[in-house]
Amino acid sequence: MGIQGLLQALKSSGQPINVSEYKNQKVAIDTYGWLHKGCIQCAAELAQGIPTAKYIQFVMHRVNLLRHFKVIPVMVFDGGFLPMKKETEEERRRNREHNVQKAMELLRSGNRSQAEDFFQRAVDVTPLMAHSLMQTLREEGVEFFVAPYEADAQLAYLARTGYVSAVISEDSDLIAYQSPRVLYKMDKFGNGLEIQMVRLPMNKDLNFNHFTPTMILTTCIMAGCDYLPGLPGIALKTAHRLVKQYRSIECILQILLAESKYSFTPQDLVAYASKFQQAMRTFHHHYVYDPTTRTIQNLTPCPDTEGHVEGDWDFLGHRMDTATARSVCEGYANPYTYELYSTEPTADARLYRSHSGRRLSGQDPRESVAAAPLNSVELMGQRKVTSFFSLAAPPAVAPAAPALPQSQATRAEFKAPRPKSPEAGDLALATAPGPCGAKRLISDAADAEPAPAKRKRVRLSRYFAVLQDDTSPGNAEFD
DNA sequence: GCTCAGTCGAAAT
DNA sequence: TCGACTGAGC
Ligand SMILES: [Mn+2]
């Protein structure tokens, strides 16, 4: 899942920072990642349907860490699944069911610790659990959205439009979706590794100097992604080298056909070309929810020539109508079935409420948030926060939520830097690609470069030409 | 040096 | 929801 090996390869351009650097700014959180971590400690309860609030506590602990630093969290949940990912989803589900079976058997035979092991492997975040967390977030006045489909795309949209300053996630796909800043591997103290798009040209092992956004995405897809497995024998390093040398997918596929090291047939590559285009479009035009207009948008708008003329865009999923989108994306309806949730608090949400109430006894919770003493937090050498418990207190009374509340349009003064506007930067212009010669730069001199292929002399450009819409590298470079 | 499939891990005791 | 690591194999 994700782009295999990408984060590892981008380490050198990352910067260790603490989340407090986003003070007074909004930050979007890949919530399912936190939820999964929070579910491990209560895996057995969840698998057996025993109410628990531990996973909510885990997430809220981190939410409160951010709030302590005056960082404004915007929680983002995954929504529906794309037809393209259906197979891997069902495989995951079968795997989980198998693990639950095994765990239950072990439990019946009295082997509790081994059962625990299998329960943990069976962890699944259900829409109901997500909904329980959403109810809690609503009570606590924390902004959140449910993505129409992948949270990755929604997170990138929020960051790219400047609605938030950065994204917190573990997912390498955020690079493919071109989120300008991502904080990876954030621990419970708020320390993590920030990767910024604008710093990719300074990366060491894989050098992205002179790469356009489309070239970066081409590299990611060729390396193997959720929407398309890589070609056999080609992964991140090779994909990167090919894109660096030949820039566009059309040229790369022509070169690969001639490359005797690989024995790709024209049929292989033509089939791949078409799937590649679909993957490219799935990243590019993914459905997202715009919190300002409260409507569905494409991550990058579809040009007029595409869409209607060329027919089948079902791989993007259903385009919800606006009323449905507001219910789903603001957390009032199930993202799979579109059925409205009951407004009754779930068992888990009530459990969390009663537990946090216990911690609060004797205090006015609103005051404890506002007047929490800063000296309860110690910043030590490596910026480690040792305690922020006094901040864990949530407001007991949430402002009554209207059936479909207005999204908070209030924007922090600190507007995120916006390296490029989505409509200008990301749309590849439909310019005809140049000839497919290897591009040689002074900075490339050290790189090994095989002789340009000149063997089979097969003309496939007319097959690959279909790709030109989305994949020509005719957009601005980063520097 | 690169790819790939398999295993382990995420929490917190 | 995901990644890191390892060792085999080219
Ligand atoms: Mn992803």
Side-chain angles (χ1 to χ4, degrees), chain A residues 1-11 14 28-46 52-62 65 75-82 85 88-89 91-93 95-96 99 112-113 116-127 129-130 133 146-147 149-155 167-177 182-189 192-193 195 205-206 219 222-226 229-242 259-263 335 446-448 450:
Chain A
M1 302 266 98
I3 315 298
Q4 292 85 351
L6 184 62
L7 291 188
Q8 207 62 17
L10 293 184
K11 259 204 217 148
I29 286 106
D30 196 349
T31 308
Y32 264 61
W34 287 9
L35 268 174
H36 260 267
K37 288 180 184 175
C39 286
I40 291 167
Q41 55 178 324
C42 52
E45 292 94 317
L46 292 170
T52 175
K54 285 183 181 165
Y55 65 96
I56 300 178
Q57 281 165 358
F58 178 91
V59 174
M60 291 313 295
H61 188 264
R62 290 191 165 207
L65 171 71
M75 311 297 286
V76 175
F77 295 81
D78 281 274
F81 54 84
L82 291 179
K85 275 182 110 178
T88 50
E89 284 304 328
E91 192 183 330
R92 275 180 180 175
R93 191 176 47 78
N95 239 308
R96 280 193 296 261
N99 283 324
R112 270 193 60 177
S113 66
E116 189 71 26
D117 230 58
F118 282 92
F119 278 132
Q120 286 181 8
R121 289 181 214 190
V123 161
D124 179 28
V125 180
T126 64
M129 292 163 60
L133 176 58
V146 179
Y149 292 97
E150 298 281 299
D152 311 354
Q154 181 69 37
L155 293 158
V167 169
I168 299 176
S169 174
E170 307 298 324
D171 191 346
S172 58
D173 283 331
L174 276 126
I175 304 297
Y177 282 110
V182 186
L183 182 60
Y184 284 108
K185 309 198 188 313
M186 196 192 85
D187 63 20
K188 63 177 168 182
F189 305 116
L193 189 73
I195 293 184
D205 12 1
L206 277 196
T219 306
M222 285 207 73
C225 64
D226 290 356
L231 287 164
I234 297 178
L236 183 59
K237 304 295 176 73
T238 308
H240 173 265
R241 179 177 58 76
L242 290 169
E259 191 66 61
S260 58
K261 177 173 160 192
Y262 306 102
S263 42
D447 296 347

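A note on names: the letters A, B, ... follow the listed sequences, proteins ahead of strands, and every chain is numbered from 1.
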Base, sugar-phosphate, or nothing: which does [X] touch, judged by heavy atoms less than 4.0 Å apart?
X	result
Asp205(A)	nothing
Thr31(A)	nothing
Leu35(A)	nothing
Asp30(A)	nothing

Spacing of [X] atom [atom1] relative to [N] atom [atom2], expressed in whole Å:
X	N	atom1	atom2	answer
Met222(A)	dC2(B)	CE	P	16 Å
Ile175(A)	dC2(C)	CD1	P	14 Å
Gln4(A)	dT3(B)	CD	C1'	11 Å
Phe81(A)	dT1(C)	CZ	P	11 Å

Contacts of [X] that satisfy side-chain contact (heavy atoms from CB on, under 4.5 Å) - sequence neighbours left out:
X	result
Ala235(A)	none
Lys54(A)	Gln41(A), Cys42(A), Glu45(A), Thr52(A), Gln57(A)
Ala151(A)	Asp30(A), Val76(A), Asp78(A), Leu155(A)
Asp205(A)	Ser12(A), Asn203(A)

On a heavy-atom basis, which atom in [X] and which in [Y] lie closest, and how many Å separate them?
X	Y	value
Tyr184(A)	Asp171(A)	OH-O, 2.8 Å
Ala223(A)	Gln4(A)	O-OE1, 4.0 Å
Ala9(A)	Leu236(A)	CB-CD2, 3.9 Å
Lys37(A)	Glu170(A)	NZ-OE2, 3.8 Å

I want to check one thing: is the phosphate of dC2(C), taken as OP1 and OP2, less than 4.0 Å away from some side-chain N or O of Ser169(A)?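 No, no such contact exists.
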Its contact letters, B for base, S for sugar-phosphate only and - for none at protein heavy atoms under 4.0 Å, make nucleotides 3-10 of chain C read SSS-----
Go along nucleotides 5-13 of chain B 5' to 3' and tag each nucleotide: B for a protein heavy atom under 4.0 Å from its base, S when only backbone or sugar atoms are that close, - otherwise. -----BBS-
Indicate yes or no: at least one non-hydrogen side-chain atom of Val59(A) is less than 4.5 angstrom from one of Met75(A). yes
